[in-house]
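Working notes for the structure below.
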There are 2 protein chains.
Amino acid sequence: MTTTSPQGHTELLRPDGSPVRVLVVDDEQSITELLSMALRYEGWQIRSAGDGLGAVRTARDFRPDAVVLDMMLPDMDGLSVLGRLRRDLPDVPVLFLTAKDAVEDRIAGLTAGGDDYVTKPFSLEEVVARLRGLIRRSGAADRRSDSVLVVGDLTLDEDSHEVTRGGDGIHLTATEFELLRFLMRNPRRVLSKAQILDRVWSYDFGGQANVVELYISYLRRKIDAGREPMIHTRRGAGYLIKPAA
Amino acid sequence: MTTTSPQGHTELLRPDGSPVRVLVVDDEQSITELLSMALRYEGWQIRSAGDGLGAVRTARDFRPDAVVLDMMLPDMDGLSVLGRLRRDLPDVPVLFLTAKDAVEDRIAGLTAGGDDYVTKPFSLEEVVARLRGLIRRSGAADRRSDSVLVVGDLTLDEDSHEVTRGGDGIHLTATEFELLRFLMRNPRRVLSKAQILDRVWSYDFGGQANVVELYISYLRRKIDAGREPMIHTRRGAGYLIKPAA
DNA sequence: CCCCAACCTGTGATTTCTCTGAGAAACCCT
DNA sequence: AGGGTTTCTCAGAGAAATCACAGGTTGGGG
């Protein structure tokens with residue numbers, strides 16, 4: 001089952017129609033706050049914990065549909081937390097947060113059970129997309145919602161990373177793909193450059209705000225090239241995407 | 001009967017449509033957890049036990065369609081467990097886990113009856129593949145789903161390990177075969193290097209993640225050589241296989 | 001109708017990611 | 001033990017992606 005969220009895109013719901021529940025675990029409060037805010041915006045119900053013990057305790061009565069778990073916690077290591085979580089909630093999917101330069105071998109085995117991970121610093125779009133994927137595949141959401149976004153004759157497949165316009169395949173880079181996904185998840189809505197920067201670029205991006213203009217330019221070249229444009233500028237406000245019609 | 005699993009590939013179901021049940025027996029908890037996670041992800045229902053007695057007791061009321069049994073248990077030796085299991089469930093197929101240097105001839109005798117074994121450290125793809133084979137042949141799954149994966153003009157036979165492209169036979173090494181099988185069981189899906197490493201390489205592999213790149217390179221040489229490529233790189237995301245069309 | 005802020009986009013430096021050759025070590029079969 | 005095969009590390013070449021910068025363009029308020 002899906003319904004329309006305050007943000008305008010379809011959201012996942014549990015079989016009984018109640019919102020999806022996500023537990024966020026990180027010791028840096030700025031991170032839990034950032035994530036909580038972003039995930040609530042998805043229409044999900046969020047709880048957070050700052051350490052492993054709190055996570056296990058919270059999970060027990062909150063019974064989340066998914067967990068976002070930092071691998072680096074003050075009191076226990078990520079794997080122990082995982083083990084304890086799994087004792088109470090054997091099927092809950094977990095999205096791990098790891099440091100970019102963290103030893104790769106810590107990652108080993110984490111995705112084996114269908115779990116997933118993102119490296120810090122992450123972009124919110126990436127976290128949300130992966131979480132949606134995990135929840136979708138775990139069956140916690142009752143609709144086997146498919147992974148394809150459609151706006152007009154433009155399609156974007158989140159599984160295969162395939163993008164087509166009018167049937168023609170279009171190759172996008174990773175950043176272009178995320179930007180387009182964000183636009184397509186919010187069709188007909190004006191998104192400011194600040195919003196785009198906050199969602200699509202990682203939270204520690206320190207560069208020039210005009211990367212957004214640049215990447216919009218790239219996208220137009222690939223998506224609107226010689227066709228009825230779908231990406232529109234609202235001067236002073238931001239950008240929006242809508243069907244060419 | 002088959003249906004589409006959360007992962008997108010077809011899964012085995014019992015004649016009455018209920019999920020396949022598998023009992024996992026190992027004294028190392030990290031192993032039972034790893035296996036439970038991976039096998040649940042196949043859509044199967046999993047119970048685990050840490051010793052022979054627990055295994056026999058659990059089997060009695062769980063009535064699994066297959067058992068994964070470590071030969072090295074603290075309380076009894078593998079053969080006794082097997083004997084007791086067979087008293088309650090005469091036909092259940094068993095996948096033995098053995099140490100690499102275990103006495104081969106003993107195993108050989110065991111597998112004569114249709115059982116199978118893998119050596120530790122194993123790869124999850126291998127365990128899953130063997131289990132699928134056992135369950136398929138035992139008739140617990142109602143469709144004798146055939147053992148050939150097909151993507152475009154590429155075929156891979158899980159029983160005979162035969163691989164062909166456009167009718168031509170292709171010789172693959174064991175690792176190449178497992179990698180290709182994993183790709184073909186997830187066609188049109190981007191699989192990250194981490195996912196591939198977690199599924200195709202053994203759980204204790206501590207090496208460089210670029211073995212994946214290397215083996216993709218080998219596969220391309222053998223499968224895509226001079227033809228329309230089927231293996232594609234999604235830079236920054238992973239690899240996927242799809243029909244050349 | 002003019003001007004300026006906002007926006008667009010070409011260029012190229014830098015960084016990141018991927019591919020693959022060469023060779024060492026392990027393995028296997030006889 | 002010996003030769004062929006397989007697995008894997010290492011490292012360099014090459015390709016692709018990201019981004020800063022800057023000059024050009026546009027649109028709308030005054």
Side-chain angles (χ1 to χ4, degrees), chain A residues 100-101 103-105 108 119 121-123 125-126 161 163 170-180 190-197 200-226 229 231-240, chain B residues 99-101 104 119 121-123 125-126 161 163 170-180 183 190-197 200-225 229 231-240:
Chain A
K100 175 82 170 200
D101 52 351
V103 255
E104 296 249 349
D105 52 29
T119 57
F122 48 77
S123 80
E125 266 304 289
E126 200 181 342
H161 282 213
V163 175
I170 296 174
H171 171 79
L172 299 184
T173 70
T175 306
E176 289 164 357
F177 181 82
E178 285 215 353
L179 171 55
L180 182 60
V190 175
L191 302 166
S192 71
K193 276 185 261 187
Q195 274 179 302
I196 293 173
L197 211 49
V200 176
W201 270 262
S202 29
Y203 57 76
D204 73 339
F205 178 79
Q208 307 301 307
N210 90 329
V211 281
V212 177
E213 294 170 19
L214 185 59
Y215 272 87
I216 288 283
S217 164
Y218 291 159
L219 270 189
R220 280 180 166 143
R221 217 174 287 172
K222 293 182 175 179
I223 283 169
D224 287 345
I231 299 173
H232 304 270
T233 303
R234 289 284 173 273
R235 235 180 135 75
Y239 301 93
L240 85 165
Chain B
K100 181 81 170 198
D101 51 353
E104 294 270 336
T119 57
F122 48 78
S123 79
E125 269 303 291
E126 198 181 342
H161 279 217
V163 175
I170 296 173
H171 171 78
L172 299 184
T173 70
T175 307
E176 290 164 355
F177 179 82
E178 286 214 355
L179 171 55
L180 182 60
L183 293 175
V190 175
L191 302 167
S192 71
K193 277 183 254 185
Q195 278 177 303
I196 292 173
L197 212 48
V200 176
W201 269 261
S202 31
Y203 56 78
D204 72 340
F205 178 80
Q208 309 302 308
N210 90 329
V211 282
V212 176
E213 294 169 22
L214 186 62
Y215 273 85
I216 288 282
S217 165
Y218 291 159
L219 270 189
R220 280 182 167 142
R221 230 173 273 174
K222 294 183 175 179
I223 283 168
D224 286 345
I231 299 174
H232 304 269
T233 304
R234 288 281 171 277
R235 209 156 205 279
Y239 300 93
L240 84 166

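The chains referred to below are lettered A, B, ... by the order of the sequence lines, with proteins before strands, and numbering in each begins at 1. Predicted model only: the values in this text are computed from it and were never measured.
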So, does R221(A) get its side chain near the phosphate of dG10(C), meaning an N or O under 4.0 Å from OP1 or OP2?
yes
Just call it for Y218(B): base, sugar-phosphate, or nothing, with non-hydrogen atoms closer than 4.0 Å on any strand.
base
Side-chain donor or acceptor of R235(B) under 3.5 Å from a matching atom on the base of dC17(C)?
yes
State whether the distance check finds a donor on one side and an acceptor on the other, under 3.5 Å, for side chain Y215(A) versus base dC19(D).
no
Tell me which nucleotide among dA17(D), dA22(D), dC19(D) gets nearest to the side chain of W201(A).
dC19(D)
Less than 4.0 angstrom between a side-chain N/O of T233(B) and OP1 or OP2 of dC17(C), yes or no?
no
Side-chain donor or acceptor of Y239(A) under 3.5 Å from a matching atom on the base of dC7(C)?
no
How are the rings of W201(A) and F205(A) set to each other: parallel, tilted or perpendicular (split at 30° and 60°)?
tilted
Any base atoms under 4.0 Å from E213(A), or only sugar-phosphate, or nothing? Heavy atoms, all strands.
base
Selected nucleotide, minimal atom distance to F205(B) side chain, candidates dA17(D), dT9(D), dC19(C):
dT9(D)
With nearest nucleotide decided by heavy atoms, which residue, K193(B) or K193(A), maps closer to the 5′ end of DNA chain C?
K193(A)
Name the residue closer to the 5' end of DNA chain C, choosing between L214(A) and S217(B) according to the nucleotide with the nearest heavy atom.
L214(A)
